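Notes follow once the structure below has been shown.
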Protein chains: 2
Amino acid sequence: MQKEHNLSKNQKIIFDLIDKSGGPMKAYSILFNVQKKGIKAPLQVYRALDKLVEIGKIHKIESRNAFIACQNSSCQVSKATAFSICESCENVSEISNSKLSKYLSNFSDNSGMKYSKYNLEFFGLCKKCKSK
Amino acid sequence: MQKEHNLSKNQKIIFDLIDKSGGPMKAYSILFNVQKKGIKAPLQVYRALDKLVEIGKIHKIESRNAFIACQNSSCQVSKATAFSICESCENVSEISNSKLSKYLSNFSDNSGMKYSKYNLEFFGLCKKCKSK
DNA sequence: AACATTATGTAATAATATAACATTTAGAAG
DNA sequence: CTTCTAAATGTTATATTATTACATAATGTT
Ligand SMILES: [Zn+2]
Ligand SMILES: [Zn+2]
Ligand SMILES: [Zn+2]
Ligand SMILES: [Zn+2]
């Protein structure tokens, strides 16, 4: 069962916005959208984002510098993430595939390194964009 | 066999610098280091980086906004990349594991999406940092 | 109440990346 | 060699993303 995190005021405002948007959002677009709610400075946004990433409510799409709500209900921390990204329409979705996550979580090579976290981003064309 | 790309002057200067450094380099650190060679503006660096990424001579480490020379000799384009990143010393190395790359290149799910590219970043502690 | 931790507010600035425009260089085609 | 085209360069300005520094307030614990 997922631990309940009591989000603070700013965290809640920002999480709700990202979650409702249904897709990835960029920090300054978030800032613009929450200014009417009293959040005026980039740092207020980045602090909330940092915390939300830390507790796994959102993830960062590194190749896009954007943040998306966890679509997985089970990511308690952002430590094993996989996304598919359409290079045409920029639609992003979180991949939830237990075989894949098992494979990657157990991956090890001869480097002597112990992996505690990974992030995978797949790129291609989504169904819609392929048929255009 | 790898296609020979005749690098232009700026591309060669910048590739050589990154390659010799042996690790990831950030764009503005590159800029600083090549100013004595006559490359004065960020755009000159970014244009060379773009091209070098395109032809697979370097890859971008998305989570670090940094660029590293391909350690793989076979990446003709930057379309299937995997890295291990030490979160303590920031050492980065390119993972060259044919099972992994086969698994990921063939990965497909029920989203109807055709994946043509991926980037995977593993995080953890390297051998050295683990033993500290 | 005292203390520690987390969150907030605000201003300034750092770091990363691109737009726009002019010019030059290098190849390919004739 | 000349013409044409694509790629690369040079330069200035600006956009976008993210953090530092410092002060204050709210929350939770003992
Ligand atoms: Zn998730
Ligand atoms: Zn699409
Ligand atoms: Zn490579
Ligand atoms: Zn290390």
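Naming: A, B, ... by sequence-line order, numbering from 1 per chain. Given the structure is predicted, the values throughout are model-derived calculations rather than measurements.
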Under a 3.5 Å cutoff, is there a donor and acceptor pairing between the side chains of B/Ser8 and B/Asn10?
no
Is there a path from A/Leu7 to A/Ile68 through hydrophobic residues (I, L, V, M, F, W, Y) whose side chains come within less than 4.5 Å of each other?
no
Find out if a path of hydrophobic residues (ILVMFWY) with successive side-chain heavy-atom gaps under 4.5 Å connects A/Leu17 to A/Phe67.
yes
Is it true that atom NZ of A/Lys130 has more than 12 heavy atoms of other residues, nucleotides or ligands lying nearer than 6.0 Å?
yes
Looking for any heavy atom pair under 4.0 Å, which part of the strands does A/Lys12 touch: base, sugar-phosphate only, or nothing?
nothing
Verify the cluster assignment for B/Met25 and B/Phe83: are they in a single hydrophobic cluster under the rule of side-chain heavy atoms below 4.5 Å apart?
no
Heavy-atom check, side chain of B/Ser105 versus side chain of B/Tyr115, under 4.5 Å:
no
Walk me through it: do A/Leu100 and B/Leu104 pass the test side chain to side chain contact (heavy atoms under 4.5 Å, CB included)?
CA-CA 9 Å; A/Leu100 176 66; B/Leu104 292 176; 4.0 Å; yes
Between C/dT16 and A/Asn65, is there an OP1 or OP2 to side-chain N/O distance shorter than 4.0 Å?
no
Find out if a path of hydrophobic residues (ILVMFWY) with successive side-chain heavy-atom gaps under 4.5 Å connects A/Ile18 to A/Ile61.
no
Go through the steps for A/Met113 and B/Cys86 under the test side chain to side chain contact (heavy atoms under 4.5 Å, CB included), then give the verdict.
CA-CA 8 Å; A/Met113 199 159 158; B/Cys86 176; 4.2 Å; yes
What verdict does the side chain to side chain contact (heavy atoms under 4.5 Å, CB included) test give for B/Tyr46 and B/Ile14, after you've listed the backbone C-alpha separation in whole Å, the side-chain angles of each residue and the deciding distance to 0.1 Å?
CA-CA 10 Å; B/Tyr46 281 105; B/Ile14 287 171; over 6 Å; no
The test is side chain to side chain contact (heavy atoms under 4.5 Å, CB included); show your working for B/Phe123 and B/Ser63 and say whether it passes.
CA-CA 10 Å; B/Phe123 305 90; B/Ser63 66; 3.6 Å; yes
At how many degrees, to 10°, do the end axes of the helix from C/dA1-D/dT30 to C/dG30-D/dC1 meet when each uses five pairs?
50°
Positional range of nucleotides in DNA chain D within the contact set of chain B, heavy-atom, under 4.0 Å
D/dA8 to D/dT12
How long is the line joining OH of B/Tyr46 and C1' of C/dA20, in whole Å?
18 Å
To the nearest Å, give me how far apart NZ (A/Lys26) and P (C/dA17) are.
11 Å
Between C1' of C/dT16 and CG of B/Leu49, the distance in whole Å
12 Å
Could you go through nucleotides 6-13 of chain C and list every protein N or O atom that sits under 3.5 Å from one of its N or O atoms, giving the distance for each pair?
unit_1	atom_1	unit_2	atom_2	d
C/dA7	OP1	A/Gln11	NE2	3.4
C/dA7	O3'	A/Ser8	OG	3.2
C/dT8	OP1	A/Ser8	OG	2.7
C/dT8	OP1	A/Lys9	N	3.4
C/dT8	OP1	A/Asn10	N	2.9
C/dT8	OP2	A/Ser8	OG	3.4
C/dT8	O4	A/Arg47	NH1	3.3
C/dG9	OP2	A/Asn10	ND2	3.1
C/dG9	OP2	A/Gln44	NE2	2.4
C/dG9	O5'	A/Gln44	NE2	3.4
C/dG9	N7	A/Arg47	NH2	2.5
C/dG9	O6	A/Arg47	NH1	3.0
C/dG9	O6	A/Arg47	NH2	3.4

